Amino acid sequence: MLVVAYIGFGNSVCRYHLPYVERRKDTIKVKYIYRREEDRVGDEERETWYPDITFTTDINQVMNDEEVNLIVVNAPDQFHVSYTKQALEHGKNVLCEKPFAMTAKEAKEVFDLAKEKGLVAMANQNRRYDADMRTVRKVIESGVLGDIVEFESHYDYYRPSIASRKGFGILYGLAVHPIDQIIGQFGKPKKIVYDCRSIDNPGVSDDYYDIDFFYDSMKAIVKTSYYVKLDYPRFIIHGKKGSFLMPALGHQSALKPKPGPIEISFEPLPEDKWGTLSYIDDEGNDITKKVPTEIGDYGIIYDNLYDVIFNGGEKIVKDEEVIKVLEIIEEATKVAKEA
């Protein structure tokens, strides 16, 4: 059984981990949540929502407990590497939130340490298992589109207030997801072209990006703008035999908080949230139909970790993929700073 200790008790743990772990009690037990004492002040009530978990402000209690075999790092980005290395030094496997590190060099150091210790360190690139991405993957792998010519991914918003935000971090905080989805699905590209900048604060922010990934006969595009007023498809895929459009579904981060543990629906989505597929089949028939949206499940990461740790399985988020994603983000940030 995976016996888990979380470092941190923020939005990520409550929304993107615990509701999915709760559904896997036969293979996962959450024993601890570590919080710094200063983070508890005025926020102790939330701890009572999870009576079966021990909350502690003593990091050594977590690190020295021999029963704990997985540390999940959910601290602020700048502490990811230090906590991950500390856990590995104490003989613990690690699942670390994105970004896994702030540089590709740091990520490689962590993976090397994990190998030296005979342990597993993996990035929590859970958005590979969003409902929309799972649906897109199913359509592509069905082969009905034929050879993929273009794959377009959008995280767009209409938030003019972005004009008052100055500083970098959106590439690390947001772009890391769609970039990872591209690398995870198609591998390393042959060439990358960057358009990374800010509409309102060029050179001092990174809130607009359009990154093109070139493969043999395919181009993948990752875009985000905060000035998109009309709804735009989340994914647009064109193949030699047809096309697929996946609508924007929204995200659970938009759920309004209420007292008690976060509740996630695993029910099928209504038809207006389904994708639209149009293609020519092998008999020459022109077919257009709606494709039911898959159920999003971030717990798949934990299923894989269980297989890797106990059965010697292969990591679904590979070390070289994590390193490549960070190399891309480092270069994209450099481009944004030079805009």
Side-chain angles (χ1 to χ4, degrees), residues 73 77-78 80-81 84-85 88 93-116 119-130 132-134 136-137 140-141 148 150-155 168-197 206 208-224 235 237 298 300-301 304-305 308 313-338:
V73 177
D77 295 355
Q78 65 268 31
H80 285 184
V81 169
T84 298
K85 286 183 174 180
L88 291 170
N93 301 291
V94 182
L95 176 66
C96 182
E97 266 301 333
K98 59 79 194 166
F100 184 79
M102 299 309 292
T103 67
K105 181 177 180 292
E106 287 180 326
K108 189 176 185 305
E109 290 173 359
V110 171
F111 290 133
D112 287 345
L113 178 61
K115 289 173 185 175
E116 176 189 322
L119 296 164
V120 176
M122 193 164 81
N124 185 43
Q125 289 291 3
N126 59 338
R127 302 295 290 273
R128 294 186 184 192
Y129 305 102
D130 279 347
D132 47 21
M133 187 61 200
R134 294 190 76 192
V136 165
R137 187 179 300 117
I140 290 175
E141 294 177 356
I148 304 301
E150 189 170 84
F151 183 106
E152 192 166 351
S153 169
H154 282 258
Y155 274 112
F168 294 90
I170 287 178
L171 283 164
Y172 276 96
L174 178 59
V176 62
H177 292 303
I179 291 172
D180 174 75
Q181 288 172 339
I182 297 295
I183 301 301
Q185 186 66 32
F186 301 111
K188 296 180 181 180
K190 291 190 171 182
K191 183 177 75 170
I192 304 175
V193 175
Y194 299 88
D195 176 6
C196 304
R197 50 195 166 91
D206 60 350
Y208 175 93
Y209 54 84
D210 181 345
I211 307 175
D212 296 343
F213 302 77
F214 292 87
Y215 294 83
D216 287 331
S217 58
M218 188 199 82
K219 175 183 175 182
I221 304 160
V222 169
K223 292 190 67 173
T224 285
F235 291 104
I237 299 97
Y298 298 154
I300 292 172
I301 290 280
N304 176 248
L305 275 172
V308 174
E314 183 178 350
K315 291 197 285 188
I316 51 176
V317 183
K318 299 176 176 57
D319 298 358
E320 59 269 24
E321 294 171 345
V322 175
I323 291 169
K324 186 60 181 178
V325 168
L326 287 169
E327 288 174 346
I328 292 168
I329 293 175
E330 286 183 74
E331 180 62 25
T333 302
K334 179 182 176 183
V335 171
K337 288 180 177 180
E338 294 172 349

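These values consider heavy atoms only, across backbone and side chains, with no hydrogens, waters or symmetry-generated copies. The shown structure was predicted, so the numbers you read here are calculated from the model rather than taken from an experiment.
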Q | Validation row: Tyr172, Asp206 side chains within 4.5 angstrom (heavy atoms) | A | no
(Q) The test is side chain to side chain contact (heavy atoms under 4.5 Å, CB included); show your working for Glu109 and Leu113 and say whether it passes. (A) CA-CA 6 Å; Glu109 290 173 359; Leu113 178 61; over 6 Å; no
Q.
Can you pull out every side-chain hydrogen bond (donor to acceptor under 3.5 Å, both in side chains) where at least one residue sits in residues 173-191? Sequence neighbours excluded, please.
A. Arg128-Asp180, Arg137-Gln185, Gln181-Arg234, Lys190-Asp216
(Q) How close do Lys318 and Glu314 get, counting heavy atoms only, and between which atoms? (A) CE-OE2, 2.8 Å
Q. Shortest non-hydrogen contact from His80 to Thr84?
A. O-OG1, 2.7 Å
(Q) Using modelled atom types and a 3.5 Å cut-off, is there a donor and acceptor pairing between side-chain atoms of Glu330 and backbone atoms of Ala104? (A) yes
Q: Would you give the length of the straight line joining atom CG of Leu305 to atom CG of Asn93, rounded to the nearest 0.5 angstrom?
A: 8.0 Å
Q.
Pairing donors with acceptors under 3.5 angstrom, does anything connect the side chains of Asp212 and Tyr194?
A. no
Q) Do Tyr155 and Thr224 get their side chains close enough for a donor-acceptor pair, meaning under 3.5 Å? A) no
Q) Got a second to check how far Glu321's CD is from Lys315's NZ, nearest 0.5 Å? A) 10.0 Å
Q: May I ask you to decide whether Lys324 forms a salt bridge with Glu320, counting only side-chain N to carboxylate O separations under 4.0 Å?
A: no
Q: Mind listing the closest non-hydrogen atom pair of Phe100 and Ala121 along with its distance?
A: CZ-CB, 4.3 Å
Q. Which heavy-atom pair separates Pro178 from Tyr209 by the least distance, and what is that distance?
A. CG-OH, 4.2 Å
Q) In Å, rounded to the nearest 0.5 Å, how long is the span from CD1 of Ile328 to CD1 of Ile211? A) 7.5 Å
Q. For the residue pair Pro99 and Leu326, what are the closest heavy atoms and their distance?
A. CB-CD2, 4.3 Å
**Q.** Donor-acceptor contact below 3.5 Å, side chain Asn304 vs main chain Ile316
**A.** yes
Q) Is Arg127 close to Met133 at the side-chain level, that is, under 4.5 Å between some pair of heavy atoms? A) no
(Q) For a quick test of reading the model, state the closest non-hydrogen atom pair linking Ile179 to Val222 and the distance between them. (A) N-CG2, 4.4 Å
Q) Does Asn124 have any side-chain hydrogen bond (donor to acceptor under 3.5 Å, both in side chains) partners at least two apart in sequence or in another chain, and if so, which? A) His17, Glu97
**Q.** Ring geometry between Phe151 and Phe186 (parallel below 30°, tilted from 30 to 60°, perpendicular above 60°)
**A.** perpendicular
(Q) Quick one, Leu88 and Val110 - any side-chain contact, counting heavy atoms below 4.5 Å? (A) yes
**Q.** Nearest-0.5 Å distance, CD1 of residue Ile221 to NE2 of residue His154
**A.** 7.0 Å
Q | Interatomic distance, Ile148 atom CD1 to Glu150 atom CD [nearest 0.5 angstrom] | A | 11.0 Å
Q: Would you check if the side chain of Lys98 reaches a backbone N or O of Asn126 as a donor-acceptor pair within less than 3.5 Å?
A: no
Q. Atom CD1 in Ile170, atom OH in Tyr208: separation rounded to 0.5 Å?
A. 13.5 Å
Q) With side chains defined as the heavy atoms from C-beta onward, is the minimum distance between Gln125 and Val176 less than 4.5 Å? A) yes
